Amino acid sequence: MTGSDVLLAVLAIGVAALLARGSHPFVAILLVASALGVSALLFLPTEMLGNLVGMDRVYRFHRLTRATPFNPPEWIHIIVFAWLGLLIWLGQAKMRGWTGMALIAALGVAAELAQWLADGREPGLEDAALNVGGGLLGVLLAVGLRRLFKRR
C-alpha cells in the first residue's frame, strides 16, 4: 500500500464520517457505506473492479447501455452520485438547500480530482460534470419524493 493509497483511504473515511455526522443511525450507516462504495468505484483499478463484480455482469451492463447516449463508466458516475445526492438530501435535513447542493457539487469535483492519487485512474472534466449532474439529479429525485410523501 502506497502513501497515496493511505491518503485516499483517510479522505474516503473522513468524507463518509462527515456525511454521516448528526444523522439518524440508519441513514448514517447508509451514507458511510455509500460514500465508501463510491470511493471504491472511483479509486480502485478498473480491472480489479471488473474481477470483483464478475465480467459477465460487466458485459451485461454494456449490453444494457448500448442504446443510450452514455457508455457504462459514464452511467456509473451518474448513478452513484445520484444515489449520494438522494441520500444526502433525504438523510440530512441541514443539507437541504444551497448548502447541500454546493456540498454535492464539491464532492463530485473533489472525487474526480482525488483520482490523481489513484494508480491507473485519471481525472476528467467530463467525469466531474457527470458526477455533479448525477448528484443534482439525486437532489431532484429527493425533492420529488419528499413532496410525494408530504401529500400522503
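Note that the coordinates shown come from a computational prediction; the quantities given were computed from them, not determined experimentally.
Here the closest heavy-atom approach between residue Pro72 and residue Thr65 is recorded as CG-OG1, 3.2 Å. Minimum interatomic distance between Ala12 and Ser39 (heavy atoms only, all atoms of both residues): CB-OG, 3.4 Å. The two residues Ile88 and Leu107 have their closest heavy-atom pair at CD1-CD1, 3.9 Å. Across all their heavy atoms, Trp89 and Arg96 have their closest contact at O-NE, 2.6 Å. A pairwise comparison of heavy atoms in Val32 and Ala20 identifies CG2-CB, 3.6 Å as the closest pair. Across Val58 and Gly50, no two heavy atoms sit closer than the pair CG2-CA, 4.1 Å.
Between the CG atom in Leu84 and the CG atom in Asn131 there is a gap of 9.5 Å [rounded to 0.5 Å]. In this structure, CD1 in Ile104 is found 10.5 Å from OG1 in Thr99, a value given to the nearest 0.5 Å. To the nearest 0.5 Å, the span separating NE2 on His24 from CD1 on Ile29 amounts to 9.5 Å. The CG atom of Leu103 lies 14.5 Å from the CH2 atom of Trp98; values are rounded to the nearest 0.5 Å. Taken from CG in Leu137 to CD1 in Ile79, the straight-line distance is 10.0 Å, to the nearest 0.5 Å. The CG atom of Asp127 lies 11.5 Å from the CG atom of Leu113; values are rounded to the nearest 0.5 Å.
For NZ of Lys94, the number of neighbouring non-hydrogen atoms (other residues, nucleotides, ligands) closer than 6.0 Å is greater than 12. Annotation: Leu148, atom CG; neighbour count of heavy atoms from other residues, nucleotides and ligands within 6.0 Å is above 12.
A heavy-atom distance below 4.5 Å is not found between the side chains of Leu86 and Val139. A 4.5 Å side-chain heavy-atom check between Ile13 and Leu36 finds at least one atom pair inside the cut-off. Residues Leu87 and Val27 are not in side-chain contact: their nearest non-hydrogen atoms beyond the backbone lie 4.5 Å or more apart.
Residues Leu140 and Leu145 do not share a hydrophobic cluster, defined by chaining ILVMFWY side chains whose heavy atoms lie under 4.5 Å apart. Met48 and Val80 fall within the same hydrophobic cluster, defined by Ile, Leu, Val, Met, Phe, Trp and Tyr side-chain heavy atoms under 4.5 Å apart, directly or through other members. Hydrophobic clustering of Ile, Leu, Val, Met, Phe, Trp and Tyr side chains at less than 4.5 Å, counting indirect connections, keeps Trp83 apart from Leu18. Ile76 and Leu125 are members of different hydrophobic clusters when ILVMFWY side chains are connected at heavy-atom separations under 4.5 Å.
Here the options are Phe81, Phe70, Phe61, the test is ring pair (Phe, Tyr, Trp, His ring centres under 6.0 Å), and the partner is Trp75; only Phe70 passes.
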Intermediate values then yes/no, side chain to side chain contact (heavy atoms under 4.5 Å, CB included), Met95 and Met101:
CA-CA 8 Å; Met95 288 294 157; Met101 288 197 295; over 6 Å; no

Please determine whether side chain to side chain contact (heavy atoms under 4.5 Å, CB included) holds for the pair Glu122 and Trp116, giving the CA-CA distance in whole Å, both sets of side-chain angles, and the decisive distance to 0.1 Å.
CA-CA 6 Å; Glu122 290 185 28; Trp116 266 314; over 6 Å; no

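Judged by distance alone, with hydrogens and angles left aside, the side-chain atoms of Arg146 form no donor-acceptor pair with the main-chain N or O of Leu90 at under 3.5 Å. Put simply, the side chain of Glu74 gets close to the backbone of Asn71: a donor and an acceptor are under 3.5 Å apart. Under a 3.5 Å cut-off, the side chain of Gln92 and the backbone N or O of Leu19 do form a donor-acceptor pair. A distance-only check finds no donor-acceptor pair linking the side chain of Arg21 to the backbone of Ala17 [under 3.5 Å].
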